[in-house]
Protein chains: 2
Amino acid sequence: MNSSNDLKQEVTDKYSLRGRVFNRIREDILNGKYKDHEELREVAIGEELGVSRTPVREAFRQLELEGLIQIIPNKGAYVTGIKVKDIKDIYMIRSKLEGLCARWACEHITEEQLEEMEENIFLAEFHASKGHMEQIAELDNRFHNILYESCNSKMLEHLLKDYHQYVWRIRKQSLVTKRGNASNGEHRAIMEAIKEKNPDKAEQLANQHMINAYNNMLSNGFFDDYDDEHQDENQE
Amino acid sequence: MNSSNDLKQEVTDKYSLRGRVFNRIREDILNGKYKDHEELREVAIGEELGVSRTPVREAFRQLELEGLIQIIPNKGAYVTGIKVKDIKDIYMIRSKLEGLCARWACEHITEEQLEEMEENIFLAEFHASKGHMEQIAELDNRFHNILYESCNSKMLEHLLKDYHQYVWRIRKQSLVTKRGNASNGEHRAIMEAIKEKNPDKAEQLANQHMINAYNNMLSNGFFDDYDDEHQDENQE
DNA sequence: GATGGTATGATTGTATACAATTATACGAAA
DNA sequence: TTTCGTATAATTGTATACAATCATACCATC
């Protein structure tokens, strides 16, 4: 039930103080500047960003709903660090939901979306052969967003985009994974299944695609000392 | 990625002005007092509830993340009505996620949780035989919450509780559905599958349980003129 | 020395004041 | 009559002031 992915919202985030504060704090939690259980004080952050308490407070309320901080009334705001377990859970949840999304896409995808997917995959193959990691990552992003938009469900699209951005923010600080070829092949398979209107197959493939992506992160040692870097001493 | 389900949060909602404003507006959107695309003005709502703009604004920010209103910078806050399609989508999404939840519960449920489930089902059978609709609804709620808590995933628990509350708020204004017996039988089946640690079966049953619940709403004519009541003239 | 209570400071909650932006109304020019 | 521009009003964005609550330190008492 979140938001923050339409154009208007991006404009807000860019030009309003609240939006800037919100994004800044979110980044700082995700990249580990603010550690788990750390207290965030309104004045301190306000001074750091050169704004008053008002926009900071509004940003706090949003961050709380995003689950990134916990606000205890009359006491303070405390960082809720993201744990390795959370990332795993998100991938498993996404696995189910991307499956559902691919299923619905079989019925509702438009010709234009199918064409953009095809182009996307074609381009990704090209950049993979050249080793252009930056572009591959961008195209991967875009592929999933097309898929989300093609399912004809604002609810599901919303949810998946949120999760997608969420893990993206975490992943992007690490090296981009070297899975371009395999991943793109899976994209092609999903697209083919959607094109031939085979919902069972599309769902199953999208399901597995997400699980593979997760396993890839695992075997690349992404998590090896993630918690150490993002949690402070008193673990739970 | 939402929140608003732990005890602390409830305390906030009850005693802080912001929390009261937030709940009030949410109710008013869900029960149709504020129609689709209606503009919400900060001062007007503030005066109506006897508070200043500050808590109203903070509530607005939260409502935006919940997807209930859309805020256009420097312009205003506009209600985003819930459409029949959204409710259907939520049930289908929940179907997948409750399945995943039941699967994980097989591994992680505690003895106490299993016992509470058993007691819950027992009580529900009793009240069903007596026709105590109020209690049946309450027990149904509780059953699902136990299930959510038993999956050992804060992420999934969070998400499912949000959706659960969301549809609950919509459903409760209508007559309580008369599905007590069948629903409770399905609860029992899910519990048995979890108890015997059969994740495939548990997932499949929880899946189907949600689809049945949705079909029941359909055949009870719940949606017949829902949009008419909750959307204003210019539909999309 | 340990314990408890009070005073002080720090922090959040709310209200209000001011600035910036947007909508509306009115009139002049074509 | 229509259209454009300007002035005015309304509304949101931000900053600040004040109130309420919570944390800390210090001192009195046992």
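Here is how names work: the chains are called A, B, and so on, in the same order as the sequence lines, proteins then strands, and each is numbered from 1.
- Note: CD (Glu64(B)) to C1' (dG13(D)) measures 14 Å, nearest angstrom.
- Contact annotation: Arg53(A) does not reach the phosphate of dA15(C) (side-chain N/O to OP1 or OP2, under 4.0 Å).
- Nearest nucleotide to the Arg61(A) side chain, out of dA15(C), dT14(D), dG13(C): dG13(C).
- An end-to-end axis angle of 0° holds for the helix from dG1(C)-dC30(D) to dA30(C)-dT1(D), taken from five base pairs per end and rounded to 10°.
- As a whole-Å value, the separation of Arg20(A) CZ from dT14(D) C1' is 12 Å.
- Taking atom CD1 of residue Ile71(A) and atom P of nucleotide dT12(C), one finds them 10 Å apart after rounding to whole Å.
- A salt bridge links Arg142(B) with Glu149(B): the closest approach of a Lys/Arg side-chain nitrogen to an acidic carboxylate oxygen falls below 4.0 angstrom.
- Under a 4.0 Å N-O distance rule, the pair Glu157(A)/Lys161(A) qualifies as a salt bridge.
- Rounded to whole angstrom, the span from the CD atom of Glu42(A) across to the P atom of dA15(D) amounts to 13 Å.
- Within the 4.5 Å cutoff, side-chain heavy atoms of Arg18(A) are placed close to those of Arg61(B).
- Contact annotation: Ser52(B) side-chain N/O to dA15(C) OP1/OP2 distance is under 4.0 Å.
- Regarding contacts with the backbone of dA23(C), a side-chain N or O of Lys75(B) is found under 4.0 angstrom from either OP1 or OP2.
- Considering only residues two or more places apart in sequence or on other chains, Arg41(B) meets the side chain to side chain contact (heavy atoms under 4.5 Å, CB included) condition with Glu39(B), Ala44(B).
- Here the side chain of Glu98(A) pairs no donor or acceptor atom with the backbone of Ser95(A) at under 3.5 angstrom.
- Here Arg57(B) reaches the OP1 or OP2 of dG13(D): one of its side-chain N or O atoms lies under 4.0 Å away.
- In the set dT14(C), dT12(D), dT12(C), dT12(D) carries the atom at the smallest distance from any side-chain atom of Asn74(B).
- Residues meeting the salt bridge (Lys or Arg N to Asp or Glu O under 4.0 Å) test with Arg103(B), sequence neighbours left out: Asp200(B), Glu203(B).
- Along DNA chain C, the nucleotide nearest to Thr54(A) and the one nearest to Val43(A) differ in position, and the one closer to the 5' end is contacted by Val43(A).
- The separation between Glu39(A) atom CD and dC22(D) atom C1' is 11 Å, rounded to whole Å.
- Side-chain contact check for His144(B) versus Arg94(B): some heavy-atom pair is nearer than 4.5 Å.
- Regarding Gln70(B), its CD atom lies at a distance of 15 Å from the P atom of dT12(D), rounded to whole Å.
- Across the protein-nucleic acid pair, Arg41(B) atom CZ and dT22(C) atom P stand 16 Å apart, rounded to whole Å.
- To the nearest angstrom, P of dA15(D) lies 11 Å from CD of Glu58(A).
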